[in-house]
A.B. asks: 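Structure in C-alpha cells, see below.
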Amino acid sequence: MTTKTKSIQNFINGNFQNPKSGEWIDNYDPSCGEVYGKIPNSSTVDVEEAVMASAKAFPVWSNTTVDERSKILLKIADGIEAKLQFLAEAESKDNGKPVSLATAVDIPRAASNFRFFGHAITQFASEAHESVGHQTVNFTLKKPLGIVGCISPWNLPLYLFTWKIAPALAAGNCVVAKPSEVTPMTAFLLGEICNEAGLPPGVLNIVHGLGHTTGQAIVQHPQIKAISFTGGTATGEHIARTAAPMFKKLSLELGGKNPNLIFADCDYEKMLDTTVRSSFANQGQICLCGSRIFVEASIYEKFKTDFVARVKALKVGHPSEKESNLGALVSKPHLEKVLSYIEDAHHQNAKILSGGNRVIVPGYEKGYYLEPSVIEVKTNQCKLNQEEIFGPVVTIMPFKTDEEALAMANDVRYGLSATLWTNNLNRTMRFSNELQTGIVWVNTWMMRDLRTPFGGMKDSGVGREGGFEALRFFTEPKNVCIQYS
Ligand code: TXE
C-alpha cells in the first residue's frame with residue numbers, strides 16, 4: 001500500500017471492502033487542489049454491517065483479559081511508530097499540514113494515545129465503600145458499554161481519531177468509527193496496523209462517508225450506546241438533539257475562541273515564541289489555538305511591532321518542504337470561509353496588520369494557501385472575536401486592567417482553553433479560578449499530559465476526554481452492595 005493509493009475502503013470485521021452502494025466521494029490534496037483519490041460514500045447498510053460485526057465481536061472482546069487488551073494496544077502503538085514517516089506523509093497529503101509537523105506531532109501522538117490507554121487500563125481501579133454499622137460493602141463494577149461510535153474531524157486526523165478509539169477499545173468496547181470525509185487516509189491505514197497487531201475482527205470498524213449520512217447513521221443507530229464526537233459546535237448541537245432522546249452517553253468536544261492574555265510581567269521572549277506557535281500551528285486549525293490575543297497596554301505597541309515582524313517571517317509553502325512553517329488549509333470551502341472573515345474585517349472597524357491574502361505557491365497554484373494574518377480589533381464584541389474562524393487568523397487588542405482582561409476573555413460563547421502570560425502568582429490563581437474554560441495554560445501552550453481532563457465549557461462541549469475521564473466515559477459504573485452477617 002502506498003500514499004498514492006487511489007481508493008480507500010471501509011474496514012469492517014477485519015476486512016477491507018467497498019461501500020455497498022458503489023458510491024464514492026472525491027478526496028482532494030489541499031497542497032495542489034486536485035483530486036487524488038476516492039473514498040466510500042457509505043450508507044446505513046455499511047454502518048449496519050459494521051454494527052453487526054461489532055455485536056458479534058463484543059462478547060469475546062469484553063471478556064478478554066486486561067493484560068491481553070493492553071498488549072494489543074501497545075502493539076498498535078508500535079505499528080504506528082514503525083510507519084511514522086509513511087503515515088506522516090499520508091497525513092500531510094490528505095490534510096495540507098507540513099510533513100514536519102505530522103512527523104513531530106500528529107503521528108507520534110497517535111502512537112502515544114494507544115500506548116497511554118494500553119497502560120492506563122491496567123491501572124483503572126474501582127472504589128469500594130464499606131458502610132460501617134450496616135455490615136455492607138459496596139463496590140463498583142466498570143462494565144464496557146457495548147458498541148460505541150467515534151466521530152472525528154479533519155484538523156488532527158489520526159491524532160484525534162485514536163484519542164477516542166484507544167480508550168474505547170481499552171475499556172472493552174467494540175467501536176464503529178468515522179473519520180472526517182475530508183481527511184480519511186490515515187484512519188484507513190490504521191486498519192491494516194490493527195490487523196497486524198492482532199486486534200480481533202469486528203472490534204474496530206471504520207466506515208467512511210459524509211457526516212449527514214454515514215455519521216448520522218452511526219449517531220442514530222439504536223445499538224450504539226455512546227457517541228464520542230469532536231468537530232464543529234453546530235454539528236455537536238445536531239448530534240445532541242439526535243442522541244439525547246435515545247439516552248446515549250455523549251462526549252462532545254466542539255469549537256473554541258480561546259483568549260491569549262499577555263501581561264507586562266511575563267517572560268517576553270518565551271511568550272513571543274509561543275504566541276507565534278499558538279496562533280498559527282497547523283495553519284491555526286487547532287481548537288486550542290489562541291485566536292484572541294489581549295495585551296496589557298504598557299507593552300502593546302512593542303508586542304504589536306515584534307509579533308507582526310515574527311509573523312511576516314513565517315514561510316507558507318508546500319507541506320513537503322522542510323522550511324514551510326505553514327502548509328495549505330484543509331479544503332477549498334474552508335479556505336473560502338476563512339477568507340470571508342478577513343474580507344469582512346473592514347466592516348468591523350478592524351485593521352489588517354499582516355497577511356490577509358492567498359498565497360500562490362509556484363507549481364501548486366490551485367493549492368489552498370493563506371498568509372498568516374494578524375488583525376487589530378477595537379472591541380471584543382466584533383464578529384472576528386466572537387466567531388470561530390479556525391484558520392491562520394488572530395486578532396489583537398490592548399487592555400488596561402486585570403478585570404477588563406478577564407471580562408473580555410470570558411465574554412464569548414466558547415470555553416475551551418485560555419493561555420495566561422504572567423509571573424504574578426496571585427493573578428495566576430485568580431485567573432485560573434475565574435476563566436470560564438476547561439483548560440488554562442500558564443506561561444505555556446499545548447503542553448499535553450494525557451492523564452489530564454481535556455474538554456471545554458459553554459458551547460465548547462460537554463464531558464471530558466483524557467486519562468481516567470475517557471475510561472469512565474466508555475464504561476458503565478455498576479454499584480454492587482453486599483450485606484454480610
Ligand atoms: O466540521 P464537522 P466541519 C469547527 C471549525 C470549522 C467548523 C466546521 O470552526 O470551521 O467546525 O467544520 C461529522 N452526524 N471545527 O464542517 O461537520 C463529519 O463527517 C454525525 C472545530 O468540517 O463538525 C466529521 O467526521 N457526524 C473542530 C465530523 O463530524 C457528522 C474540528 C466533524 O465535522 C454529522 C473541526 C452528523 N449529522 C471543525 N455532520 C475541533 N473542535 O477541533 C458532520 N459529521
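Just follow the structure's listing: the first ligand is 1, and inside any ligand the first atom is 1.
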A.B. asks: Is the backbone N or O of His208 less than 3.5 Å from a side-chain atom of Glu181, with the two atoms forming a donor-acceptor pair by type?
C.D. replies: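 Checking the backbone N and O of His208 against the side chain of Glu181, no donor-acceptor pair under 3.5 Å is found.
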
A.B. asks: Can an N or O of Leu160 be found at a distance shorter than 3.5 Å from an N or O of ligand 1?
C.D. replies: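 In fact, backbone or side chain, Leu160 has no N or O that close.
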
A.B. asks: Should the proximity of Pro179 to ligand 1, defined as any heavy atom under 4.0 Å, be assigned to the side chain, the backbone, both, or neither?
C.D. replies: backbone

A.B. asks: In the protein, what heavy atom is nearest to atom 11 (O) of ligand 1, and what distance, to one decimal place, separates them?
C.D. replies: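 Ranking protein heavy atoms by distance from atom 11 (O) of ligand 1, first comes Gly232 CA, 3.0 Å.
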
A.B. asks: Could you tell me which atoms of ligand 1, counted from 1 in the order shown, lie closer than 4.0 angstrom to a heavy atom of Pro153?
C.D. replies: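 So the atoms of ligand 1 that pass are 31 (C), 35 (C).
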
A.B. asks: Is the shortest side-chain heavy-atom distance between Leu326 and Tyr369 below 4.5 Å?
C.D. replies: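 No. Closest side-chain heavy atoms not under 4.5 Å.
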
A.B. asks: Is the shortest heavy-atom distance from the side chain of Pro372 to the side chain of Lys315 under 4.5 Å?
C.D. replies: no

A.B. asks: Taking the basic N atoms (NZ, or NE/NH1/NH2) and the acidic carboxylate oxygens, is any pair closer than 4.0 Å for Glu476 and Lys225?
C.D. replies: no

A.B. asks: So Tyr341 and Glu387, side chain to side chain contact (heavy atoms under 4.5 Å, CB included) or not? Walk me through it.
C.D. replies: CA-CA 9 Å; Tyr341 278 98; Glu387 295 184 12; 2.6 Å; yes

A.B. asks: Could an N or O of ligand 1 be found under 3.5 Å from any N or O of Leu210, whether backbone or side chain?
C.D. replies: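 So ligand 1 has no N or O lying under 3.5 Å from an N or O of Leu210.
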
A.B. asks: With a cutoff of 4.0 Å, is Ser460 in contact with ligand 1, counting heavy atoms of the residue only?
C.D. replies: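 Distance cut 4.0 Å: Ser460 fails for ligand 1.
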
A.B. asks: Output the list of atoms in ligand 1 that are nearer than 4.0 Å to some heavy atom of Trp154, sorted by atom number.
C.D. replies: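 Result: 3 (P), 12 (O), 22 (O).
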
A.B. asks: Can you check which of Gly211, Ser152, Cys150 brings a heavy atom nearest to atom 25 (O) of ligand 1?
C.D. replies: Ser152

A.B. asks: Under a 4.0 Å threshold between the charged nitrogen and the carboxylate oxygen, would Lys164 count as salt-bridged to Glu253?
C.D. replies: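 A salt bridge is absent here (no side-chain N lies under 4.0 Å from a carboxylate O).
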
A.B. asks: Should the pair Lys83-Glu196 be classified as a salt bridge under the 4.0 Å nitrogen-to-oxygen rule?
C.D. replies: yes

A.B. asks: Under 4.0 Å from ligand 1, counting heavy atoms only, is it the side chain of Glu181, its backbone, both or neither?
C.D. replies: side chain

A.B. asks: Does any N/O atom on Thr233 come nearer than 3.5 Å to any N/O atom on ligand 1?
C.D. replies: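 Such a contact does not occur with ligand 1.
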
A.B. asks: Please determine whether a side-chain nitrogen of the Lys or Arg among Glu89 and Lys93 lies less than 4.0 Å from a carboxylate oxygen of the Asp or Glu.
C.D. replies: no

A.B. asks: Against ligand 1, does Lys337 come closer than 4.0 Å with any heavy atom?
C.D. replies: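 Yes; Lys337 lies near enough to ligand 1 that a heavy-atom distance drops under 4.0 Å.
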
A.B. asks: For atom 4 (C) of ligand 1, grab the closest protein heavy atom and report residue, atom and distance to one decimal in Å.
C.D. replies: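 Looking at atom 4 (C) of ligand 1, the protein heavy atom closest to it is Glu388 OE1, 3.3 Å.
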
A.B. asks: What are the atoms of ligand 1, with element, lying closer than 4.0 Å to any heavy atom of Gln216?
C.D. replies: 14 (N), 20 (C), 36 (C), 37 (N)

A.B. asks: What are the atoms of ligand 1, with element, lying closer than 4.0 Å to any heavy atom of Asn155?
C.D. replies: 31 (C), 42 (O)

A.B. asks: Do protein heavy atoms approach atom 23 (O) of ligand 1 to less than 4.0 Å?
C.D. replies: yes

A.B. asks: What protein heavy atom lies closest to atom 13 (C) of ligand 1? Include the residue and the distance to one decimal.
C.D. replies: Ile151 CG2, 3.7 Å

A.B. asks: Under the side chain to side chain donor-acceptor pair (under 3.5 Å) rule, what do Asp94 and Asn27 come out as? Steps first, then yes or no, please.
C.D. replies: CA-CA 8 Å; Asp94 221 21; Asn27 191 15; 2.9 Å; yes

A.B. asks: So if I count the atoms of ligand 1 from 1 in the order they appear, which ones are less than 4.0 Å from some heavy atom of Lys178?
C.D. replies: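 Answer for ligand 1: 18 (C), 19 (O), 25 (O).
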
A.B. asks: Give the atom numbers and elements of ligand 1 that come within less than 4.0 Å of a heavy atom of His334.
C.D. replies: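 Within the 4.0 Å cut-off of His334, ligand 1 contributes 10 (O).
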
A.B. asks: Going by the closest heavy atom to atom 27 (C) of ligand 1, which one wins out of Gly231, Ala187, Gly215?
C.D. replies: Gly231

A.B. asks: Under 4.0 Å from atom 43 (C) of ligand 1, can you find at least one protein heavy atom?
C.D. replies: yes

A.B. asks: Would you mind running through ligand 1 and noting each atom that sits below 4.0 Å from a heavy atom of His238?
C.D. replies: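 Within the 4.0 Å cut-off of His238, ligand 1 contributes 37 (N).
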
A.B. asks: Does any part of the side chain of Asn325, heavy atoms only, come nearer than 4.5 Å to the side chain of Phe280, both counted from C-beta?
C.D. replies: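 The answer is no, as the side chains (C-beta and beyond) never meet within the 4.5 Å cut-off.
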
A.B. asks: Under 4.0 Å, heavy atoms only, figure out whether ligand 1 is touched by the backbone of Leu156, its side chain, both or neither.
C.D. replies: neither

A.B. asks: Parallel, tilted or perpendicular: which describes the rings of Phe16 and Phe11, with under 30° parallel and over 60° perpendicular?
C.D. replies: tilted

A.B. asks: How far is atom 41 (N) of ligand 1 from its nearest protein heavy atom, and which residue and atom is that?
C.D. replies: Leu254 O, 2.8 Å

A.B. asks: Which residue and atom name correspond to the protein heavy atom nearest atom 40 (C) of ligand 1, and how close is it?
C.D. replies: Cys287 CB, 3.7 Å

A.B. asks: Check the orientation of Phe117 and Trp163. Use parallel for under 30°, tilted for 30 to 60°, and perpendicular for over 60°.
C.D. replies: tilted

A.B. asks: Is there a side chain to side chain donor-acceptor pair (under 3.5 Å) between Gln381 and Asp411 once you walk through the steps?
C.D. replies: CA-CA 8 Å; Gln381 271 312 316; Asp411 189 11; 2.7 Å; yes

A.B. asks: So which protein heavy atom does atom 29 (O) of ligand 1 come closest to, and at what separation?
C.D. replies: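 Nearest neighbour among protein heavy atoms for atom 29 (O) of ligand 1, to 0.1 Å: Phe229 CE1, 3.0 Å.
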
A.B. asks: Which atoms of ligand 1 have any heavy atom of Glu253 under 4.0 Å away?
C.D. replies: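 Every atom of ligand 1 under 4.0 Å from some heavy atom of Glu253: 41 (N).
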
A.B. asks: So do Thr186 and Phe161 actually touch side chain to side chain, heavy atoms under 4.5 Å?
C.D. replies: no

A.B. asks: Quick one: nearest non-hydrogen protein atom to atom 2 (P) of ligand 1, plus distance?
C.D. replies: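 Looking at atom 2 (P) of ligand 1, the protein heavy atom closest to it is Thr235 OG1, 3.5 Å.
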
A.B. asks: If you look at every heavy atom in Lys178 and Val207, which pair is closest and at what distance?
C.D. replies: CG-O, 3.1 Å

A.B. asks: Give every residue pair that meets the side chain to side chain donor-acceptor pair (under 3.5 Å) criterion with at least one member in residues 432-446, sequence neighbours excluded.
C.D. replies: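 For residues 432-446, and leaving out neighbouring residues, the side chain to side chain donor-acceptor pair (under 3.5 Å) pairs sorted by first residue read Gln436-Lys458.
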
